[in-house]
Amino acid sequence: SECSLGSACRARDGTMWFPTIAGVASVDPAKLKPNPVPPPVAIEAVLTDGEGLNTNGLRTTWPETVNVPAGKERLEIHYTSLNLSSSARARFKYQMEGHETGWTEVNDRIVRYSKLPPGHYRFVVTARNEDGLWNRTGASLGILVLPPFWRTWWFLTIITLFLLSSVIGLVHYLSTQKLQRQLARLRQQEAVEKERGRIARDIHDQLGANLTQLSLLGELVESDKEDPREVEAHARQISQAARETTRALDEIVWTVNPSNDTLEGLINYICKYAQDYLAIAGLRYRLEVPPQLPATPLPPEMRHNVFLAAKESVTNVVRHAHAASVWIRLRLDPNRFTLEIEDDGRGPGDIQSKAHRNGLRNMRKRMEDVGGEFTIGPGSERGTLVRLTAPLGKN
């Protein structure tokens with residue numbers, strides 16, 4: 001044998017001899033058997049950004065799954081294995097199922113992950129003893145990395161519903177706007193057709209009748225040319241018919257001119273018409289109108305109906321009231337205007353019976369068609385007072 005003082009000796013047959021206090025001990029390596037017991041494996045701790053999620057110090061087992069809060073970027077898993085013969089020779093294998101496709105073999109007892117995507121994972125670790133025997137079961141732990149709130153199902157559902165509602169709302173808005181534009185064009189076309197029809201009726205009823213009268217009067221002048229008095233009478237009638245034709249043509253031109261679709265244009269034309277008509281009739285008149293009239297826009301239909309109602313009122317004063325004076329007043333309110341036509345004639349008499357006459361009924365109908373009001377009653381002292389009220393700010 002080969003021996004040295006104070007150290008182990010190897011015999012020729014391979015036996016190892018060791019000096020001890022109690023004597024000499026021998027070990028035959030040929031008779032040694034490999035360790036058949038796999039080492040136990042345990043997960044000790046899980047840390048996120050240096051803070052422990054849980055610890056196994058006071059627990060016998062880990063929960064099946066641990067939750068990693070959203071926003072935590074660094075995950076550390078501490079594990080260990082029991083090896084009494086040689087802890088330095090312990091080897092480990094780990095795998096993060098769902099994130100890694102293979103096993104990683106290391107000597108370290110710590111594994112680190114950075115920025116694991118949100119999801120479900122399972123961490124599995126196993127160890128081997130000094131003779132290379134692996135623990136087939138190992139230790140495992142479920143890990144749930146929670147997503148930030150903007151990646152949660154309820155937030156994504158809300159965003160999806162919001163976007164879907166926005167798309168539906170936008171499509172509905174665009175469709176509605178398109179339909180409204182089409183409806184506005186149809187209404188405009190209808191208004192144009194209605195206005196053309198009204199102009200055609202006015203031309204036929206007023207100009208046509210006056211021109212027919214002028215033609216007949218011209219024929220009468222031709223037939224009565226031998227009688228100077230008859231010719232003179234016919235001439236006066238022709239002159240009057242010509243003035244009425246000119247006035248009717250002027251009204252038609254004023255009505256179709258869109259630049260007159262204002263409160264100022266309406267009141268100025270009514271005052272001009274009343275001045276000319278009352279002056280020819282020989283009646284005194286007084287106009288009480290604000291010096292500055294607002295250029296508030298008025299729909300053509302309102303302007304036309306209010307003028308015809310005012311024209312009918314002035315005509316009734318001249319033809320039926322037997323008055324000497326007429327007052328025309330304009331009262332302005334924030335949302336409406338009122339035109340008053342008052343005379344000092346015989347008075348309205350039985351208002352209820354007059355309300356059924358065609359002229360008064362037409363005046364009331366015209367004002368109601370534009371959302372206004374028509375009233376007739378006694379004047380402040382005597383005579384008749386007509387009020388025409390119409391709204392402002394409605395196109």
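Index from 1, following the sequence. The shown structure was predicted, so the numbers you read here are calculated from the model rather than taken from an experiment.
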So do the side chains of L392 and L298 get within less than 4.5 Å of each other, counting heavy atoms only? yes

Linked, directly or transitively: I238 and I280 (ILVMFWY side chains, under 4.5 Å): no

Where the side chain of N129 meets the backbone of P39, is there a donor-acceptor pair that is under 3.5 Å apart? no

Please say yes or no: joined through hydrophobic side-chain contacts below 4.5 Å, possibly via intermediate residues, are M363 and V318 part of one cluster? yes

Nearest 0.5 Å please: distance from the CH2 atom of W134 over to the NZ atom of K93. 5.0 Å

Can you see which heavy atom on T48 is nearest to which on V68, and at what distance? CG2-CG1, 3.7 Å

Return the CG to CD1 distance between L164 and I159, rounded to the nearest 0.5 Å. 12.5 Å

In this structure, are over 12 heavy atoms from other groups packed under 6.0 Å from Q292 atom CD? no

Beyond-backbone contact of L339 with R329, side-chain heavy atoms, under 4.5 angstrom: no

If you define the side chain from C-beta out and look only at heavy atoms, does anything of Y94 sit under 4.5 Å from E100? yes

Rounded distance [0.5 Å steps], CZ in R109 versus OG in S81: 7.0 Å

Indicate if V124 and V111 have the same hydrophobic cluster label, given that clusters are the connected sets of ILVMFWY residues with side-chain heavy-atom separations under 4.5 angstrom. no

Pairwise distance CZ(F374) to CD(E368) - rounded to 0.5 angstrom: 10.0 Å

For the backbone of H172 and the side chain of S175, can you confirm whether one donor and one acceptor N or O come within less than 3.5 Å of each other? no

Any chance the side chains of S140 and R122 put a donor and an acceptor closer than 3.5 Å? yes

Donor-acceptor pair, side chain of S114 and main chain of R74, under 3.5 angstrom: no

For A235, does its backbone N or O pair with a side-chain atom of S239 as donor and acceptor, under 3.5 Å? no

4.5 Å side-chain heavy-atom contact, I143 and I77: yes

Is there a path of hydrophobic side-chain contacts, each under 4.5 Å between heavy atoms of I, L, V, M, F, W or Y residues, that connects Y113 with V106? yes

E312 side chain reached by N362 side chain, heavy atoms, under 4.5 Å: no

Provide the closest heavy-atom pair for T384 versus G347 in the form atom of the first, atom of the second, distance. OG1-C, 3.1 Å

Between D344 and A324, is there a donor-acceptor pair closer than 3.5 Å when you use the side chain of the first and the backbone of the second? yes

Flag side-chain contact, heavy atom, 4.5 Å: R361 against R364: no

On a heavy-atom basis, which atom in P378 and which in L385 lie closest, and how many Å separate them? O-CB, 3.7 Å

Judged by atom type as modelled, is there a donor-acceptor pair below 3.5 Å linking the side chain of D333 to the main-chain atoms of N335? no

What distance separates F337 CZ from I267 CD1, expressed to the nearest 0.5 Å? 5.5 Å

Evaluate the side chain to side chain contact (heavy atoms under 4.5 Å, CB included) criterion for residues L183 and L179: first the C-alpha distance (whole Å), next the side-chain angles of each, then the deciding distance (0.1 Å), finally the verdict. CA-CA 6 Å; L183 182 60; L179 290 176; over 6 Å; no

Worked verdict on V125 versus I43 for side chain to side chain contact (heavy atoms under 4.5 Å, CB included): CA-CA 8 Å; V125 61; I43 296 176; 4.2 Å; yes

R91 and N107: side-chain donor and acceptor closer than 3.5 Å? yes

Heavy-atom side-chain proximity of V370 to P299 below 4.5 angstrom: no

Could you pull out the closest heavy-atom pair between L278 and Y285, with the gap in Å? CD1-CB, 3.6 Å

Residue that, paired with R387, satisfies salt bridge (Lys or Arg N to Asp or Glu O under 4.0 Å) out of E340, E373, E342: E340

Side-chain touch P297/D261, heavy atoms, less than 4.5 angstrom: no

Nearest 0.5 angstrom please: I158 CD1 to S165 OG, how far? 11.5 Å

Using the ring of each side chain (for Trp, its six-membered ring), is Y79 parallel, tilted or perpendicular to F123, with breaks at 30° and 60°? tilted

Within a 6.0 Å radius of atom NE2 on H120, are there more than 12 heavy atoms belonging to other residues, nucleotides or ligands? no

Looking only at heavy atoms, which two atoms of P290 and L332 are closest? And how far apart? CG-CD1, 4.2 Å

Scanning both residues in full, the closest heavy-atom pair of L283 with A323 reads CD2-O, 2.9 Å

W153 atom CH2, over 12 foreign heavy atoms within 6.0 Å: no

Using atom types as modelled and distance alone, determine if a side-chain donor or acceptor of E64 lies under 3.5 Å from a backbone N or O of G142. no

Would the number of heavy atoms belonging to other residues, nucleotides or ligands and lying under 6.0 Å from CZ of R185 be above 12? yes

For residues W327 and L388: do they belong to one hydrophobic cluster (side chain heavy atoms under 4.5 Å, members Ile, Leu, Val, Met, Phe, Trp, Tyr)? no

Stepwise side chain to side chain contact (heavy atoms under 4.5 Å, CB included) test for L330 and I270: CA-CA 11 Å; L330 175 66; I270 290 177; over 6 Å; no

